[in-house]
A.B. asks: 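Please see the structure below; I have some questions.
Note that these values count all heavy atoms, side chains included, but never hydrogens, waters or copies made by symmetry.
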Amino acid sequence: MLQVQVLRNNPELVKAKLAIKHFKQPELVDEIVALDDERKRIQTEYDTIQSKVNAASKEIGKLMGQGKKEEAELMKAEVASYKSQVTLLNEQMIASEAVLHDKLIVLPNLPADIVPIGKTPEENLNVKQSGTIPVLHEGALPHWDLIKKYDLVDFETGAKITGSGFPLYKGKGAKFQRVLAQYFLDFNTAAGYTEYLPPFMVNKDSAYGTGQLPDKDGQMYHATEDDFYLIPTAEVPVTNIFRDVILKEEELPVKMTAYSPCFRREAGSFGKEVRGLNRVHQFEKVEIIQLVEPEKSYEVLDQMVAHVEALLQSLELPYRILRLCGGDMSFTSALTYDFEVFSAAQERWLEVSSVSNFEGFQTNRMKCRYKDSTNKTKPVHSLNGSSLALPRIYASLIENNQYDGGIKLPKVLQSYFGSENLI
RNA sequence: GGAGAGGUGGAUGAGUGGCUGAAAUCAACGGUUUGCUAAACCGUCGUACGAGUAACAUUGUACCAAGGGUUCGAAUCCCUUCCUCUCCGCCA
């Protein structure tokens, strides 16, 4: 959620930035400022009258104490005359706050200055490409055939148990998944991230806190009886640890990593793009999250990008890094880098990580702040990234490392898995 | 799921209708003292939204789990929800 102050200070700049995100209702900016003026006006009025009521009430208390009953009764009558006004103003205040909030929450985060202009994924800026694209042997298979051939993942039975997009990992296929998660977590904790294992369902407040609601309502699985949402990413529970928290300066930066399954309805997805492990309703992911001082957030974003890059390098995968254009960025992000690895058998790039700086967008809504050395309360910035999403890494590792009689493992995973080859 | 007891500021904890935005203690911070540390002493020490200011100062309102209600007045009384603890039930 943006701060009204930002809109107030420079409405034209805000509108220009919203346009980069292809936001369709620039008029909301002026509306919100006007609503905020109105809100202030009502509050001032309310406070004034309420102040009179409070003073009179105290006076009544004193008079009662002194036994001056009649005078007290007179004052009671006076206070009663304010009552309808107070009630009315209070209702107006609550209503105007609600309207303001509802409008404000519709505005996406403002993009950073270096965000490329553009609408579609093709307009993302390729900032780096590295690693060698392997040349596969004759008859190399895409991962959806490899997993069948070696009996690693059983989609049909997963569909029988639950529905399509709920893979059933099996044998070495299941172990490989576990090993990847463990390796990623170890890699992250070695870089100073504290490991968390969060709840996999969250309440409404948490879903709002990180911006999934109201923007992505319908993308999350919703357990209606208890009004809980299955998490679409560990970002939601983990970032919400710090909802309504005022941190001390020395506690920053907060660096967290968490493994979790992720549940996404992915309504509307179909076709070749979503074959096999490319897009599923339940997948596993290891996430990294940081809370930092605002002045440092872009420096930290670069560090996080470098961290994910090092992880991909250790897996010996060919990758590229994209700076997302305004149209391809998420609602909450100010700047996002996507990592894609090349899947040699599918001959296409697969997104495996997304690293973003949310600036104060999430933390403002969550009321997470910190106290600096002079004891002033200041905003914090939040960032997160996948490190890494498992299924597509899984897919590209088995595709890129396949040979005629099996599947090799990259060096870093061999000791984790206990052998040189997966198959 | 049943029965009971609770939820107060960073922590402990007082507070059953007005003198309580909240005692006291501890922690934290600033200072005095001190060769250093410690101790002692003095002071500061919640948040949000307003008014005000160049900025401070100052000042109003709201907040004692959350939401509603009673009252001139609510941390305190009533209702609902959530959470914690104890016992029972169920159960990995």
A.B. asks: Tell me: CD of A:Glu38 to P of B:C49, nearest whole Å?
C.D. replies: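 From A:Glu38 CD to B:C49 P: 19 Å.
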A.B. asks: State whether the number of non-hydrogen atoms from other residues, nucleotides or ligands found under 6.0 Å of A:Glu27 atom CD is greater than 12.
C.D. replies: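 Atom CD in A:Glu27 is crowded, with more than 12 foreign heavy atoms closer than 6.0 Å.
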A.B. asks: Please tell me which of A:Thr48 and A:Lys58 maps to the more 5' nucleotide of RNA chain B, matching each residue to the nucleotide holding its nearest heavy atom.
C.D. replies: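 The residue whose closest nucleotide sits nearer the 5' end is A:Lys58.
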A.B. asks: Got A:Phe283 and A:Arg264 here, is their nearest side-chain heavy-atom distance under 4.5 Å?
C.D. replies: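 When only atoms from C-beta onward are counted, A:Arg264 and A:Phe283 do touch, with a gap below 4.5 Å.
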A.B. asks: For atom P, what is the distance between B:U84 and B:G21, given to the nearest Å?
C.D. replies: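 Their P atoms lie roughly 32 Å apart.
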A.B. asks: If we call it a pair only when both distances are under 3.5 Å in a Watson-Crick or G-U wobble match, what pairs with B:C63?
C.D. replies: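 Paired with B:G46.
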A.B. asks: Between the side chains of A:Ser387 and A:Asn188, is a donor N or O closer than 3.5 angstrom to an acceptor N or O?
C.D. replies: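 A pair is found: one side chain offers a donor N or O, the other an acceptor, under 3.5 Å apart.
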A.B. asks: When the distance from CZ of A:Arg243 to P of B:A65 is rounded to whole Å, what number comes out?
C.D. replies: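 Value for this atom pair: 18 Å.
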A.B. asks: Do the side-chain N or O atoms of A:Asn54 get closer than 4.0 angstrom to the phosphate oxygens (OP1, OP2) of B:C72?
C.D. replies: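 No, no such contact exists.
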A.B. asks: What interatomic distance, in whole Å, is found between P of B:G50 and the corresponding atom of B:U8?
C.D. replies: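 About 29 Å, rounded to a whole number of Å.
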A.B. asks: Return the nucleotide paired to B:G6: Watson-Crick means purine N1 to pyrimidine N3 with N6-O4 or O6-N4, wobble means G-U with N1-O2 and O6-N3, both under 3.5 Å.
C.D. replies: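 The answer is B:C83, by the H-bond criterion.
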A.B. asks: Within the structure shown, what part of the strands sits under 4.0 Å from A:Arg369 by heavy-atom distance: base, sugar-phosphate, or nothing?
C.D. replies: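 The answer is sugar-phosphate, as A:Arg369 gets under 4.0 Å only of primed atoms, P, OP1 or OP2.
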A.B. asks: So, using ring pair (Phe, Tyr, Trp, His ring centres under 6.0 Å) as the criterion, who are the partners of A:Tyr229 when residues are at least two apart?
C.D. replies: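 Only A:His222 meet the ring pair (Phe, Tyr, Trp, His ring centres under 6.0 Å) criterion with A:Tyr229.
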A.B. asks: Can you check the distance between B:C45 and B:U58, where both ends of the measurement are the P atom (answer in whole Å)?
C.D. replies: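 Pairwise P distance, B:C45 against B:U58, rounds to 10 Å.
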A.B. asks: Does a donor on one side chain sit under 3.5 Å from an acceptor on the other, for A:Glu293 and A:Tyr370?
C.D. replies: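 On atom types as modelled, these side chains do not qualify, holding no pair under 3.5 Å.
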A.B. asks: Measuring only between side-chain heavy atoms, which start at C-beta, is A:Glu156 closer than 4.5 Å to A:Lys148?
C.D. replies: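 A:Glu156 reaches A:Lys148 side chain to side chain.
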A.B. asks: On RNA chain B, does the nearest nucleotide to A:Lys376 precede the nearest nucleotide to A:Gln43 from the 5' side, or the other way round? Give the residue.
C.D. replies: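 Residue closer to the 5' terminus by nearest nucleotide: A:Gln43.
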A.B. asks: Sort out the partner of B:G89 for me: Watson-Crick or G-U wobble, both distances under 3.5 Å, none otherwise.
C.D. replies: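 Answer to the pairing question: none, since B:G89 forms no Watson-Crick or G-U pair.
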A.B. asks: How long is the line joining CZ of A:Arg365 and P of B:A48, in whole Å?
C.D. replies: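 Taking CZ of A:Arg365 and P of B:A48, I get 19 Å after rounding.
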A.B. asks: Starting at atom CE of A:Met93, determine the distance to atom P of B:U61, rounded to an integer number of angstrom.
C.D. replies: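 Going from A:Met93 (CE) to B:U61 (P), I get 12 Å.
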A.B. asks: Find the partner of B:U32: check Watson-Crick (N1-N3 plus N6-O4 or O6-N4) and G-U wobble (N1-O2, O6-N3) distances, both under 3.5 Å, and reply none if neither fits.
C.D. replies: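 Answer to the pairing question: B:A40, which forms a Watson-Crick or G-U pair with B:U32.
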A.B. asks: Side chain of A:Thr44 only, heavy atoms from C-beta on: which candidate in B:G73, B:A51, B:U47 is closest?
C.D. replies: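 Closest nucleotide among those given: B:A51.
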A.B. asks: Rounding to an integer number of angstrom, what distance separates B:U32 and B:A51 when you compare their C1' atoms?
C.D. replies: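 Result for the C1' pair: 38 Å, nearest Å.
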A.B. asks: Given B:U61, is OP1 or OP2 found less than 4.0 Å from the side-chain N or O atoms of A:Ser51?
C.D. replies: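 For A:Ser51, the contact criterion (side-chain N or O under 4.0 Å from OP1 or OP2 of B:U61) is met.
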A.B. asks: Calculate the interatomic distance between A:Arg39 atom CZ and B:C49 atom P; express it in whole Å.
C.D. replies: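 Checked: the CZ to P distance equals 8 Å.
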A.B. asks: What interatomic distance, in whole Å, is found between C1' of B:A40 and the corresponding atom of B:U34?
C.D. replies: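 One C1' to the other, the span is 11 Å.
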A.B. asks: Go ahead and name the base partner of B:A57; Watson-Crick or wobble counts if both distances stay under 3.5 Å, otherwise write none.
C.D. replies: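 B:A57 is paired with nothing.
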A.B. asks: Any luck finding a side-chain donor-acceptor pair between A:His143 and A:Gln346 under 3.5 Å?
C.D. replies: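 Side chains of A:His143 and A:Gln346: pair found under 3.5 Å.
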A.B. asks: Atom NZ of A:Lys248 and atom C1' of B:G10: how far apart are they, to the nearest Å?
C.D. replies: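 My rounded result for the distance is 6 Å.
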A.B. asks: Paired with B:A11: which nucleotide, if any, by Watson-Crick or G-U wobble criteria at under 3.5 Å for both distances?
C.D. replies: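 Its partner is B:U25.
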A.B. asks: Using the C1' atom in both, what is the distance from B:U71 to B:C78, to the nearest Å?
C.D. replies: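 To the nearest whole Å, 12 Å.
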A.B. asks: Which nucleotide, if any, forms a Watson-Crick or G-U wobble pair with B:A75, using both distances under 3.5 Å?
C.D. replies: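 Pairing partner, where one exists within any strand: none, as none qualifies.
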A.B. asks: Give A:Tyr46 one of three labels, base, sugar-phosphate or nothing, depending on what nucleic acid heavy atoms sit under 4.0 Å from its own.
C.D. replies: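 Contact class for A:Tyr46: sugar-phosphate only.
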A.B. asks: Taking only the P atom of each, what is the distance from B:A11 to B:C82 in whole angstrom?
C.D. replies: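 Comparing P positions in B:A11 and B:C82 gives a spacing of 25 Å.
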A.B. asks: On a whole-Å scale, what distance lies between the C1' atoms belonging to B:A74 and B:C63?
C.D. replies: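 So the two C1' atoms sit 13 Å from each other.
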A.B. asks: Take the protein atom CD of A:Gln5 and the nucleotide atom P of B:A48, then report the distance between them rounded to whole Å.
C.D. replies: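 One finds 14 Å between P of B:A48 and CD of A:Gln5, rounded.
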A.B. asks: So which nucleotide does B:C19 pair with, by the Watson-Crick or G-U wobble rule with both distances under 3.5 Å?
C.D. replies: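 Answer to the pairing question: none, since B:C19 forms no Watson-Crick or G-U pair.
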A.B. asks: Measure from CD on A:Gln3 to P on B:A48 and round the result to the nearest Å.
C.D. replies: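 Going from CD in A:Gln3 over to P in B:A48 covers 11 Å.
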A.B. asks: What's the closest nucleotide to the side chain of A:Lys40 if the choices are B:G18, B:A51, B:U47?
C.D. replies: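 Selected nucleotide: B:A51.
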A.B. asks: Using a 4.0 Å heavy-atom cut-off, does A:Lys371 contact any base of the nucleic acid, only the sugar-phosphate backbone, or nothing at all?
C.D. replies: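 Touches sugar-phosphate only.
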